[in-house]
Number of protein chains: 4
Amino acid sequence: MKKGFASDNNSGVHPAIFKSMEEVNTGHVVGYGDDQFTQKAIKVFKDKFGENTEIFFVFNGTGANVLSLSTVTQSFNSVICAETAHIQEDECGAPEKFTGCKLLPVDPVNGKLTPNAIQQHLTGFDFEHHSQPRVISISQVTEMGTVYQPKEIQELADLAHKNNMLLHMDGARIANAAISLGLDFRKFTVDCGVDILSFGGTKNGMMMGEAVLFFNRELTLNTKYIRKQSMQLYSKMRFVGAQFLAYFENDLWKETATHANKMAKLLESEIVKIPEIKITQPVNANGIFAIVPQEIIEPLQKRFFFYIWDDTKPEVRWMTSFDTTEQEILEFAAMIKKLLRK
Amino acid sequence: MKKGFASDNNSGVHPAIFKSMEEVNTGHVVGYGDDQFTQKAIKVFKDKFGENTEIFFVFNGTGANVLSLSTVTQSFNSVICAETAHIQEDECGAPEKFTGCKLLPVDPVNGKLTPNAIQQHLTGFDFEHHSQPRVISISQVTEMGTVYQPKEIQELADLAHKNNMLLHMDGARIANAAISLGLDFRKFTVDCGVDILSFGGTKNGMMMGEAVLFFNRELTLNTKYIRKQSMQLYSKMRFVGAQFLAYFENDLWKETATHANKMAKLLESEIVKIPEIKITQPVNANGIFAIVPQEIIEPLQKRFFFYIWDDTKPEVRWMTSFDTTEQEILEFAAMIKKLLRK
Amino acid sequence: MKKGFASDNNSGVHPAIFKSMEEVNTGHVVGYGDDQFTQKAIKVFKDKFGENTEIFFVFNGTGANVLSLSTVTQSFNSVICAETAHIQEDECGAPEKFTGCKLLPVDPVNGKLTPNAIQQHLTGFDFEHHSQPRVISISQVTEMGTVYQPKEIQELADLAHKNNMLLHMDGARIANAAISLGLDFRKFTVDCGVDILSFGGTKNGMMMGEAVLFFNRELTLNTKYIRKQSMQLYSKMRFVGAQFLAYFENDLWKETATHANKMAKLLESEIVKIPEIKITQPVNANGIFAIVPQEIIEPLQKRFFFYIWDDTKPEVRWMTSFDTTEQEILEFAAMIKKLLRK
Amino acid sequence: MKKGFASDNNSGVHPAIFKSMEEVNTGHVVGYGDDQFTQKAIKVFKDKFGENTEIFFVFNGTGANVLSLSTVTQSFNSVICAETAHIQEDECGAPEKFTGCKLLPVDPVNGKLTPNAIQQHLTGFDFEHHSQPRVISISQVTEMGTVYQPKEIQELADLAHKNNMLLHMDGARIANAAISLGLDFRKFTVDCGVDILSFGGTKNGMMMGEAVLFFNRELTLNTKYIRKQSMQLYSKMRFVGAQFLAYFENDLWKETATHANKMAKLLESEIVKIPEIKITQPVNANGIFAIVPQEIIEPLQKRFFFYIWDDTKPEVRWMTSFDTTEQEILEFAAMIKKLLRK
């Protein structure tokens, strides 16, 4: 089938991950995660993030975010996030529905929260009329394709902790961030004070399955019940465990994320040559945001599907994926040029 | 790995289903169900259940039940079900959490609801102090391994409709029921007045993915939002679509469910020869419930894992699966006999 | 207006309570409970129940029960109660909606729970598929007009605590219970191991306003937020404080509850003389349940309104109140006799 | 007790309203609103707002807002409101908790929403990943003491209706708005397209009790259940009915609200003479917002209590009430001057 730039979840499954699922597809194992494959995958996560990490597998990204937030909030809490955050814009209100909390959106800078911008919401502590701020939630990579530097994360974590709050990271594209930063996962998560991490795999070559990581065991006394009650406990869990095993084996995740990021950079290098197009965000990972002439959008979408981000400008989003090819990038760029030269 | 009789979800994935997923694992397709494979699978369901059926795929059985109930209730409603129902006993309160409704458990007869037993809860209509009854929910196969006859279902549907209520069927093991009854799916669902069906595949050879079927389109105006908000919308949906395509192709589901049921019957025929063991429920599908001498349980579980259902009697549950072999049944029966003769 | 036997909340407000509200109706006081009257009322409660008691005023009985349960549960918990409990039958699902918990109804004996009957639900601890039992909730007076003895309460508290659960008492008619037992409030609440008490006043002469008492301060760290979020924080709180001050002054509550109970006893003594009527529950407080000939119900209701409890028998409920008069009881009994002699 | 300018709910109850409650305090009436006083009060509302109005009494303002929103939303909806709205800032997340909806705050102009500012949130219709916009909620008087003109309301209503949404008005201070506009209630509510109105009385001389008005009967099929489930159904409802009867009799509400507004104007006229103080919002009703020198706040609060609105400026809020006297205003202004001259 034809590939486009709509989303990194329009891709399929990396063959090595598929193979790993096939290998565990034999005989019976106990359900719901007590099997050896899931347990092995949990061990790999602990190796990467530290022994005190508690890991809970779920089905999808929304499930991961909701489990993260539900575990550490009560309904009278609030969660501060970017206006562009997935939890604010793209989960149809799942966080509010499931946690009962208030989400407090902040106008972000290049998709990022800053301590300064958050400050307005750090009020009303101990005042019973006011939802009590409990979590700052950031996305790494952000929804605008940018990547937080460790120092930026540490500052947000410090701000959170100073206010008896927690820092959650929505890592749906955390692999792309790690490659972008050139850092091990833990260097910009637990080591920077992140308390809870939604660790995504689906957008980087897995079939389904995300992991929620808590870096403080005491937070997780009830997480297993919350996971079950939030419909995120998978019976044949071995097939998520097997995927993560393949994902981490021989650093497969690095290979796929490196490639996706490289393809975005290649696309960027082609686009900057085109004066009619204005890239609007730093290209830090595998997404490009650009303002393009209205007239080329539709013909371009017919051959390479992608989404319009903001139709008032109009701004589009182009996502690359682990299976995007150089050839496709070049064809895409060529087609843009051709459409503009008409 | 060693197989046991713990649950039909301890099995893996049928090879034909695995192959089907592999075949669709190429190129990009649009996410969240607008791909051709998912659409084809939806068409197959419509062929089987009627053109007016609306189909929504979800991740798992709890998700299917919650989506079913959420779509047709408001929080001031109540849902009548058996005390043994999965929604009452095994979903950690997901239905209450997500719908806000009250569940009204009824003491079942062999796992089944009867109009008579339900009558006690058909009160308080229009009385604002009382949760308003809205759904009767039954499981087919029941959690006790028994199967409703079409006439029994029709009576419950009539009772529901007479009271402006709906009939929901939790069909986590609906394939086993169809084989047991020797009937097409629709003959004991939509044709008997069932309004909503959780159609399960995971327990009969799929990897994951269930379908929620609504037989009245008007009920589903908002279901897509509810699915997303309940964290049950899968991005790479083609891999559920592909599974259902294989599941129905050449009636694979019949083959697997027939086998599982046959294995249960074989086990039953062996067990009835053992006077120390008392089978407690009619063996209609792929589960056997039996009271067994306490002393054999632990040694038996070491070789063939299974769950104790009620440790006061003690009553155990033995589930067969699509991959259970005759050999395993015979070994299991032999081991029981041997343990008893000690 | 004509008085009947429908409910003790059909009565108005005791004049002394009215007067107390009038006395505080002068000038400005700070809202939401920080005024001197509310604080004084809190002190009176502490005098009666102990210094470690935390008191939260709310608007009504359903609000009191929901605040009680919300404070000590998470959504994956369950609450065990009688099938006849107000939280199960008469709050339109408010507890489920607000707490997300599962309510587990138990068939009561004369409206009462027993350790034996509860046992069936004390299962599935630590099992993530199962709602975790957290609260046993009893009503004192029960909805069937009976009163728990201190020993019965202690046994339920012990059972709860042994299972790391809590005992909640819905004391909508706690004054009538205290009079019936001849005991101070604390003797059959905190002294018997009750952890949380919904203390009602409306049914015994107040206008509105109930108190939720927690006998363990550590439970209440977040109660103030939950009260506000559950829409139960009253701005002009002084008018609840003032009512409770009058309620306790010179033991007004004793006078009113004693009278109501006495009227019920008087009615009982008249009814037992009538062979056509069968009293079905011990008359411990201010309610009488009786099976009466169908044909007298309607004419009787026209003069003295009351509710049919169970129209299959038919069983009726007659409630007396602080303002019921001897004259009314005698007229009522006379009218019954007259109707039966027709 | 000493009066201040903290809030109009720090005042007590108007004597005529008190008297009305006293007058109905006789004999028994049926509970929960089926009594003659409540029914009479409902009739008065219908006279004022039209025969098609459906009226539901509740305990307090948060209850009124939550009942308004719950009746017309499902959990996948969103509600657009000002950042300063009571539902956003002062209800501890009750709307999110009870409706499950997302609240979308908009930066207001003088506390008011404008069609232009709302536009950003009118996106994602029919897109299942996005909370579906359903309600625009405005406050009249706004939380900043300003009053919407009928034309402004009509524009918001038109915008809402064009998008298949509804317009809700939080009328906690609707009497002050009516006086400010010199218009009958209906002229700037139902006649301008408002669909749902939280009609407040507590802040204008009542003890407790608000009314929720729906101007389209079809919206209210389930409202009675939602009111009960949201713990807002009052048993001795006659005491709310009686208050509203007095409130409307001889236009008592006009007298009280006119006085409160007049006092605010008097205070404004005094304050504008003081150059060190800057009034920050138009004084349309009974509240004044002003930036004042930090050093006078504390000594001033000791004699006349009030709240700091924004301690960074610092901005304070002064509310007048039906029982504020000219004398108090003049003393307050004099004290300010004296403190500044020190």
Side-chain angles (χ1 to χ4, degrees), chain A residues 1-7 9-13 15 18 21-22 24-32 35-36 58-67 90-94 96-98 202-203 206-208 224-236 238-240 305 321 323-324, chain B residues 1-7 9-13 15 18 21-22 24-32 35-36 58-67 90-94 96-98 202-203 206-208 224-236 238-240 305 321 323-324:
Chain A
M1 274 146 289
K2 205 174 58 175
K3 284 182 272 177
F5 301 96
S7 174
N9 67 27
N10 284 12
S11 63
V13 181
F18 220 102
M21 289 195 288
E22 209 156 6
V24 304
N25 188 29
T26 164
H28 280 198
V29 300
V30 70
Y32 302 109
D35 65 278
Q36 53 175 306
V58 296
F59 283 115
N60 64 359
T62 299
N65 288 335
V66 168
L67 184 63
D90 299 303
E91 302 186 350
C92 202
E96 283 93 343
K97 166 76 176 180
F98 206 79
T202 310
K203 287 186 160 76
M206 281 178 52
M207 182 185 277
M208 86 288 194
K224 69 176 182 177
Y225 305 115
I226 300 171
R227 175 170 60 174
K228 175 66 192 177
Q229 199 180 30
S230 60
M231 304 162 269
Q232 291 290 319
L233 181 62
Y234 178 28
S235 58
K236 298 187 174 178
R238 62 169 127 170
F239 294 105
V240 165
F305 188 62
S321 174
D323 62 354
T324 305
Chain B
M1 275 147 290
K2 208 173 57 179
K3 283 184 272 175
F5 301 96
S7 174
N9 66 27
N10 285 12
S11 62
V13 181
F18 221 102
M21 288 196 287
E22 208 155 6
V24 304
N25 189 29
T26 164
H28 281 197
V29 300
V30 69
Y32 302 109
D35 65 279
Q36 54 176 304
V58 296
F59 284 114
N60 65 357
T62 299
N65 289 336
V66 168
L67 184 63
D90 299 303
E91 302 186 351
C92 202
E96 284 92 344
K97 167 76 178 180
F98 205 79
T202 311
K203 287 186 158 77
M206 281 178 51
M207 183 186 276
M208 87 289 192
K224 68 175 182 177
Y225 305 114
I226 300 172
R227 175 171 60 175
K228 176 65 194 178
Q229 198 179 31
S230 61
M231 304 164 270
Q232 291 291 317
L233 180 61
Y234 178 28
S235 57
K236 298 188 173 176
R238 63 171 127 170
F239 294 104
V240 166
F305 188 63
S321 175
D323 62 354
T324 305

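Here is the naming used below: chain letters follow the sequence lines, and residue numbers restart at 1 for every chain.
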So which atom in [X] and which in [Y] form the shortest heavy-atom distance, rounded to 0.1 Å?
| X | Y | result |
| --- | --- | --- |
| Asn10(B) | Arg238(A) | O-NH2, 3.0 Å |
| His28(B) | Asp323(A) | NE2-OD1, 2.8 Å |
| Ala94(B) | Met231(A) | CB-CG, 4.3 Å |

message: Using only atom types and a distance under 3.5 Å, with no angle test, would you say the side chain of Asn25(A) pairs donor to acceptor with the backbone of Val13(B)?
response: yes
query: Lys236(A) side chain to Asn9(B) main-chain N or O, any donor-acceptor pair under 3.5 Å?
result: no
- prompt: Between Ser235(A) and Met208(B), is any pair of side-chain heavy atoms under 4.5 Å apart?
  reply: no
message: As an exercise, state the distance from OG of Ser230(B) to NZ of Lys97(A), rounded to the nearest 0.5 Å.
response: 9.0 Å
message: Heavy-atom pairs under 4.5 Å with chain A: which of Pro15(B), Gly4(B), Ser7(B) has the most?
response: Gly4(B)
Name the option with the most non-hydrogen atom pairs under 4.5 Å to chain B; the candidates are [options].
| options | result |
| --- | --- |
| Asp35(A), Asn60(A), Thr62(A) | Asn60(A) |
| Tyr225(A), Tyr32(A), Tyr234(A) | Tyr234(A) |
| Gly61(A), Ala6(A), Ser11(A), Gly31(A) | Ser11(A) |
| Lys203(A), Glu96(A), Glu91(A) | Glu91(A) |

Go through the atoms of [X] and report whether side chain, backbone, both or neither lie under 4.5 Å from a heavy atom of chain B.
| X | answer |
| --- | --- |
| Leu233(A) | backbone |
| Ser321(A) | side chain |
| Asn65(A) | neither |

Side chain to side chain contact (heavy atoms under 4.5 Å, CB included) between Met21(A) and Met21(B), worked out: CA-CA 11 Å; Met21(A) 289 195 288; Met21(B) 288 196 287; 6.0 Å; no
task: Can you label the angle between the Phe18(B) ring and the Phe18(A) ring as parallel, tilted or perpendicular, going by 30° and 60°?
output: perpendicular
